[in-house]
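The figures that follow rest on heavy atoms only: side chains count, while hydrogens, waters and symmetry mates do not.
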Amino acid sequence: MPILKVDDYWVVAIEETLHDQSVIQFKEELLHNITGVASKGLVIDISALEVVDSFVTRVLIEISRLAELLGLPFVLTGIKPAVAITLTEMGLDLRGMATALNLQKGLDKLKNLARMEQR
């Protein structure tokens, strides 16, 4: 799965169902990338996923918290209604994690967060 640098932002579009081992590998590769090059934020888009299990959700929450610890704003985009319902039914808490409807809105949110931090 490509981890791209677009302008000053890291952008990841998860386009296939992730299995436990691939999620762990993705997290390690992502952390290596975001700590190696300065940037203004990270957006992960999951709009291609029909299902997100509890393990993937926990890893996304971990990535969000790690990015925050590194001073890197994070936005999760593309949560489909069925995925949102499932996450709520599983009791998984995404409070405190910035979300946006789609990738463009996520990048816009990151740009706004970066502007606010510069003040």
Side-chain angles (χ1 to χ4, degrees):
M1 144 180 15
I3 300 170
L4 307 172
K5 187 91 182 299
V6 177
D7 294 327
D8 289 330
Y9 303 94
W10 287 107
V11 177
V12 179
I14 299 175
E15 298 175 349
E16 59 190 39
T17 302
L18 298 174
H19 303 287
D20 291 358
Q21 188 57 40
S22 61
V23 170
I24 293 167
Q25 183 179 1
F26 161 69
K27 178 179 144 186
E28 290 172 0
E29 182 180 343
L30 178 64
L31 291 174
H32 174 75
N33 286 348
I34 67 174
T35 57
V37 177
S39 71
K40 294 181 179 177
L42 166 65
V43 61
I44 296 179
D45 181 69
I46 62 168
S47 59
L49 300 182
E50 297 295 329
V51 176
V52 178
D53 67 20
S54 61
F55 182 72
V56 170
T57 303
R58 282 194 300 273
V59 170
L60 290 171
I61 292 168
E62 287 175 16
I63 290 170
S64 169
R65 291 186 179 139
L66 289 166
E68 182 181 347
L69 287 172
L70 295 169
L72 191 66
F74 173 84
V75 178
L76 180 67
T77 66
I79 300 172
K80 291 186 177 184
V83 171
I85 291 168
T86 301
L87 295 177
T88 302
E89 288 174 348
M90 289 190 299
L92 295 169
D93 189 358
L94 299 181
R95 279 183 282 186
M97 182 186 297
T99 59
L101 184 59
N102 59 43
L103 186 55
Q104 183 60 58
K105 290 183 185 291
L107 284 169
D108 292 344
K109 185 176 268 193
L110 281 179
K111 290 175 185 176
N112 287 334
L113 290 170
R115 275 190 226 113
M116 290 173 50
E117 285 184 4
Q118 290 178 348
R119 294 179 185 172

- Item | Co-membership, hydrophobic cluster, residues L110 and V6, 4.5 Å side-chain | yes
- Message: Please check: side-chain N/O of T35 versus main-chain N/O of L31, any donor-acceptor pairing under 3.5 Å?
- Response: yes
- Query: Under 4.5 Å between side-chain heavy atoms, hopping through other hydrophobics if needed: is there a path connecting I3 to I24?
  - Reply: yes
- Between V83 and L49, is a side-chain contact (heavy atoms from CB on, under 4.5 Å) present by the stated rule, with each step listed? CA-CA 8 Å; V83 171; L49 300 182; 5.6 Å; no
- Please check if L70 and M97 belong to a single hydrophobic cluster, counting links between Ile, Leu, Val, Met, Phe, Trp and Tyr side chain heavy atoms closer than 4.5 Å. yes
- Contacts of type salt bridge (Lys or Arg N to Asp or Glu O under 4.0 Å), residue D8, not counting sequence neighbours: K40
- Message: Quick test of your reading: applying salt bridge (charged side-chain N to carboxylate O under 4.0 Å, His left out), list the pairs with at least one residue in residues 10-22, sequence neighbours left out, ordered by first then second residue.
- Response: none
- Please round to the nearest 0.5 Å and tell me the distance separating atom CD of E62 and atom CZ of R58. 8.5 Å
- Query: Partners of V37 by side chain to side chain contact (heavy atoms under 4.5 Å, CB included), sequence neighbours excluded?
  - Reply: K5, W10
- Provide the full list of salt bridge (charged side-chain N to carboxylate O under 4.0 Å, His left out) pairs with a residue in residues 66-76, sequence neighbours left out, each pair given once. none
- Could you pull out the closest heavy-atom pair between S39 and L72, with the gap in Å? OG-CD1, 3.1 Å
- Co-membership, hydrophobic cluster, residues L66 and F55, 4.5 Å side-chain: yes
- Sequence-distant partners of I63, side chain to side chain contact (heavy atoms under 4.5 Å, CB included), two or more places apart: F26, K27, L30, L42, I44, V59, F74
- Task: Walk me through it: do L60 and L94 pass the test side-chain contact (heavy atoms from CB on, under 4.5 Å)?
- Result: CA-CA 9 Å; L60 290 171; L94 299 181; over 6 Å; no
- Those residues that, when tested against N33, pass side-chain hydrogen bond (donor to acceptor under 3.5 Å, both in side chains) (two or more places apart): none
- Task: Please name all residues satisfying side-chain hydrogen bond (donor to acceptor under 3.5 Å, both in side chains) with Q25, sequence neighbours left out, ordered by chain then number.
- Result: none
- Pair listing, side-chain hydrogen bond (donor to acceptor under 3.5 Å, both in side chains) test, anchored in residues 74-103, at least two apart: D45-T77, E50-K80, D93-R95
- Task: Sequence neighbours left out, what passes side chain to side chain contact (heavy atoms under 4.5 Å, CB included) with T17? Give chain and number order.
- Result: none
- Item | side-chain contact (heavy atoms from CB on, under 4.5 Å) assessment of S64 paired with L76 | CA-CA 8 Å; S64 169; L76 180 67; over 6 Å; no
- Note on the structure: Of all heavy-atom pairs linking M90 and D53, the shortest is CE-C, 4.2 Å
- Contacts of type side chain to side chain contact (heavy atoms under 4.5 Å, CB included), residue R65, not counting sequence neighbours: I61
